[in-house]
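What follows is a short report on a single structure.
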Amino acid sequence: MNKEVRVRFAPSPTGPLHIGGVRTALYNYLFARKMGGKMLLRIEDTDQTRFVENAEQYILEALQWIGITIDEGPSVGGPCAPYRQSERKPMYKQYALQLVESGNAYYAFDTPEELEAMRKRLEAQKVASPAYNAITRTQMKNSLTLPEDEVKRRLEAGEPYVIRLKVPRKDEIRLNDLVRGWVMVHSSAIDDKVLMKSDGMPTYHLANVVDDHLMEITHVIRGEEWLPSAPLHVLLYKFLGWEETMPQFAHLPLLLKPDGNGKLSKRDADAGGFPVFPLDWKFQNKETGKDETWIGFREQGYLSDAVTNFLAFLGWNPGTNQELFTMEELIQAFSIERVGKSGTKFDIDKAKWFNQQYLKNKSGAELVPFLQKELQQRQLNASPESLVRICDLLKERLVFAHDLWNQGAYFFLSPTEYDPQVVTSKWTQEAVTVITSYAAALDKLPSLTAEQAKSTLNEVLEAQGVKMGKVLQALRVAITGVGAGPDLMQIMEVLGKQATVARIQQALTVLNSKVIA
RNA sequence: GCUCCGUUCGUCUAGGGGUUAGGACACAAGAUUUUCAUUCUUGCAACAGGGGUUCGAUUCCCCUACGGAGUACCA
């Protein structure tokens, strides 16, 4: 009875994988690993009209970036191959036919126009829920209303048809959702869903149930948007005779817009200036013909560990005060029972905070590649040792990896301008006098360490009877051009004696006219 | 409209028939850092409303309100 846990992530390749999809994948993965089970990836590409080139590759890359490994899937194969529904097309029809034979499904020949006309008619009659169902199907062109020989004739003539599920008129369908508990729906609320489209492809509902059965999926963990169709799926399992092995369902709360209304969408990214995709997605806008990019977390400077941690907490929590989790820790701590029921607003501030925490916990050496990337873009260079030092000095003040440059450009470029706010308040005659002597004193040193820089400054200060607070900000702006940053003495050491003195002298010259009395 | 799901600080949430309703983000103040950031301390701030059940309800039940999802030959 203790079957191996098998879960699947089943996206459809219609564009870049949304961050909500990544979270669904993550929860599946955490659950699979926690239970010592298998994680499958299945590509649900039954809608050929919405298929997007490269989307599958994007999905794979996104999962890999986040640290999700797939046990079975299109790229790695497995005992249930193929894992793309388009490649499984021939497998579905027999199940649809099985349903027709058992009297649980039927052929329907209605044209789109006829369907539209039916809906219009029902609306005009003020029918509560216009649908193709137990009542209306008696008035449509299908194998339940048409004479048997005509059905046969139409089928043989190759007329287009679909296969619809014959939903019972009166039945109570119930399912025990792992997140929400018992959910009950009356069958009259479900319409006669199309199972097999006229192009011979199954719809999501059929393909999903058939594949989950064939792939021996034990737990279906997916977004809440599927909850309303879950009873339909239960019905399918029942009619197909698979009730005994029906997977357990767990419907995850939705990711909502930060400002309140609705599902998180691409628009929110544009409006809020934050990503809703894991990776950049480059494409050509069909309307304008222009190349566009939808920004991704990775390219925005988010660390994958931070994004994973952030996503894990969107709808789940460990019940303790611990917030920082490695993937391994998440696997240990994860349980579906602790998944929340209510929708979760997407709070980018929290994502930033996680990123900051992860950046801060890295060593200087680990951050060097990020800095190097920035330097390469600007064709700058520095010794590996100094890069490590710089990263160490800067890491506590980063939110994003690229802040290494924003916060520390002065390590590589002599200031060309000086923060006017600092200059107008701190560039006093007194400070200038001290700084002038200080530069001269530094110049006499054979080399420069932070220690020496400090003791030398103290000596000059003492000789002139000035307090450090009166000059340090001025000195900082002279050397870095800005009023904030890590320990100035450390900066000087990294810069070295020559550059430090040269920068001070340059500032003294440039700011000569700005001295305040 | 109809069906389903949900509702604890601004946000993410813990908790649970009797609690000073806890934590985190954000925000504010203070300390440290002669800067900024970090760090630390403190503060701010919530059980949607109405009925039950109960000695007692934020917690259980019902209703209402609000929010969300679904309602395609899309997934």
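First the proteins, then the strands, lettered A, B, ... as listed; each starts at 1.
Between A:Asp47 and A:Arg50 there is a salt bridge, with a side-chain nitrogen of the basic residue lying less than 4.0 Å from a carboxylate oxygen of the acidic one.
Remark: the A:Ser198 side chain and the B:C73 base include a donor-acceptor N/O pair separated by less than 3.5 Å. Counting atom types as modelled, A:Lys193 pairs no side-chain N or O with a base atom of B:A72 as donor and acceptor under 3.5 Å.
Of the listed nucleotides (B:C73, B:A69, B:A75), B:C73 has the atom at the smallest distance from the side chain of A:Val194. Comparing B:A24, B:A75, B:C25 by their closest approach to the side chain of A:Glu323 singles out B:A24.
Within the structure, a side-chain polar atom (N or O) of A:Lys263 is placed less than 4.0 Å from OP1 or OP2 of B:G70. The phosphate of B:A72 (OP1 or OP2) has no side-chain N or O of A:Lys197 nearer than 4.0 angstrom. Contact annotation: A:Asn317 reaches the phosphate of B:A14 (side-chain N/O to OP1 or OP2, under 4.0 Å). At the phosphate of B:A69, neither OP1 nor OP2 sits under 4.0 Å from any side-chain N or O atom of A:Arg222. Between A:Gln407 and B:A37 there is no side-chain N or O to OP1 or OP2 distance below 4.0 Å. An OP1 or OP2 oxygen of B:C73 is reached within less than 4.0 angstrom by a side-chain nitrogen or oxygen of A:Arg164.
One can place CH2 of A:Trp226 at 20 Å from P of B:G68, the figure rounded to the nearest angstrom.
Nearest heavy atom pair, residue A:Ile19 against residue A:Leu311, reads CG1-CD2, 3.7 Å.
Contacts of A:Asp192 with the nucleic acid, taken as non-hydrogen atoms under 4.0 Å apart, are absent.
Using a 3.5 Å distance cut-off with no hydrogens or angles, the side chains of A:Arg8 and A:Asn28 do not pair a donor with an acceptor.
With A:Tyr132 as the aromatic partner, A:Arg164 meets the cation-pi criteria of under 6.0 angstrom to the ring centre and within 45 degrees of the ring axis.
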